[in-house]
Amino acid sequence: MRALVQRVTRASVTVDGEVVGEIGPGLCVLVGVTHTDDEPTARKMAERIYNLRVLADDDGVMNRSVADKGQEVLVVSQFTLYGDTSKGRRPSWLAAAQPDAAEPLVTAVVEALRELGARVATGRFRTEMAVELVNDGPVTVMLELDPR
């Protein structure tokens, strides 16, 4: 499982002209699922996101997490995080899990974040989404977990 985490001052997801998810300061997280991922991996990813120390402390140092500061998280499914560009000019999506397998695992990340105490907004699975954000810093970190 991969998660591209961006510290934001605000972020939103729009589907068909309707804002379906929106946050203020916090983290915008794009989540990609591969074939070997499972529910324990999703829970571990949620814990990593929740405790990732990329938020500023009182001295402006990246030393705080969503767990520490109570900021929000916007989670958006993103199969393209598993795009393979090693050959040719068109990415291969073979490493990305199919929607029927990926959707419950992205949902498991969201549910685990909520169980940990995070306020979570989401995109809408299997739709064309417009994600708008203001990257704060900019701070962008890739998390990757292997279920093995």
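Along the sequence shown, the residues carry numbers beginning at 1. Quantities reported herein were computed from a predicted structural model and do not represent experimental measurements.
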ask   = What residues form a side-chain contact (heavy atoms from CB on, under 4.5 Å) with Pro104, not counting sequence neighbours?
value = none
ask   = What pairs with Glu47 under salt bridge (Lys or Arg N to Asp or Glu O under 4.0 Å), at least two apart in sequence or on another chain?
value = none
message = Let me check something: do Met45 and Met142 share a hydrophobic cluster, defined by ILVMFWY side-chain heavy atoms less than 4.5 Å apart, either directly or through other members?
response = no
task = Nearest 0.5 Å please: distance from the NZ atom of Lys44 over to the CE atom of Met1.
result = 12.0 Å
ask   = Would Val109 and Val54 show up in the same hydrophobic cluster when neighbours are defined by side-chain heavy atoms closer than 4.5 Å?
value = yes
inquiry  = Could you measure the distance from the CG atom of Leu113 to the CZ atom of Arg48? Nearest 0.5 Å is fine.
reply    = 13.0 Å
Atom pairs and distances, donor-acceptor, side-chain atoms in residues 126-138, under 3.5 Å, two or more places apart:
residue	atom	partner	partner atom	Å
Arg126	NH2	Asp100	OD1	2.3
Thr127	OG1	Arg124	O	2.7
Asn135	OD1	Val139	N	2.9
Asn135	ND2	Gln6	OE1	3.4
Asn135	ND2	Thr140	OG1	3.0
Asp136	OD2	Arg7	NE	3.4

query = Where do Leu55 and Gly26 come nearest, in terms of heavy atoms and distance?
reply = CD2-O, 4.5 Å
task = Enumerate the residue pairs fulfilling ring-ring contact (aromatic ring centres under 6.0 Å, His included) with a member in residues 100-125, sequence neighbours excluded, ordered by first and then second residue.
result = none
query = Rounded to the nearest 0.5 Å, what separation is found between the CD atom of Glu111 and the CG atom of Leu116?
reply = 12.0 Å
ask   = Can you list the residues that meet the side-chain contact (heavy atoms from CB on, under 4.5 Å) rule with Asp16, with sequence neighbours excluded?
value = none
ask   = When clusters are formed by joining ILVMFWY residues with side-chain heavy atoms under 4.5 Å apart, either directly or through shared neighbours, do Ile23 and Val5 land in the same one?
value = no
query = What pairs of residues pass the side chain to side chain donor-acceptor pair (under 3.5 Å) test when at least one of them lies in residues 79-89, not counting sequence neighbours?
reply = Gln78-Thr80, Asp84-Ser86
message = Treating Thr41 as the side-chain partner and Asp37 as the backbone partner, does any N or O pair qualify as donor plus acceptor under 3.5 Å?
response = no
key: Whether Arg2 side chain and Leu81 backbone form a donor-acceptor pair below 3.5 Å   = yes
ask   = Considering residues at least two apart in sequence or located in another chain, which fulfil the side-chain contact (heavy atoms from CB on, under 4.5 Å) criterion with Glu22?
value = Ser12, Val19
Sequence neighbours left out, cut at 3.5 Å: what donor-acceptor pairs do the side chains of residues 69-77 make with other protein atoms?
residue	atom	partner	partner atom	Å
Lys69	NZ	Ala56	O	2.8
Glu72	OE1	Gly24	N	2.7

ask   = Can you list every pair that meets ring-ring contact (aromatic ring centres under 6.0 Å, His included) and has a residue in residues 51-81, with sequence neighbours left out?
value = Phe79-Trp93
ask   = Any donor and acceptor pair, going by atom type alone, linking the side chain of His35 with main-chain N or O of Gln98 inside 3.5 Å?
value = no
ask   = Any chain of hydrophobic side-chain contacts (each under 4.5 Å) joining Ile49 to Met62?
value = yes
query = For Ser65, which residues count as a side chain to side chain donor-acceptor pair (under 3.5 Å) partner, sequence neighbours excluded?
reply = Asp68
query = Is Val20 reachable from Val110 through a run of I, L, V, M, F, W or Y residues, each pair having side-chain heavy atoms under 4.5 Å apart?
reply = no
task = Can you tell me which residue pairs pass the ring-ring contact (aromatic ring centres under 6.0 Å, His included) test with a partner in residues 44-76, sequence neighbours excluded?
result = none
ask   = Going from CG on Leu145 to CG on Leu143, what distance comes out if it is rounded to the nearest 0.5 angstrom?
value = 7.0 Å
task = Under the side-chain contact (heavy atoms from CB on, under 4.5 Å) rule, collect the residues that match up with Asp57, sequence neighbours excluded.
result = Asp59, Val61, Asn63, Arg64
key: Minimum heavy-atom distance between Gly123 and Val13, given as atom pair plus value   = CA-CG1, 3.8 Å
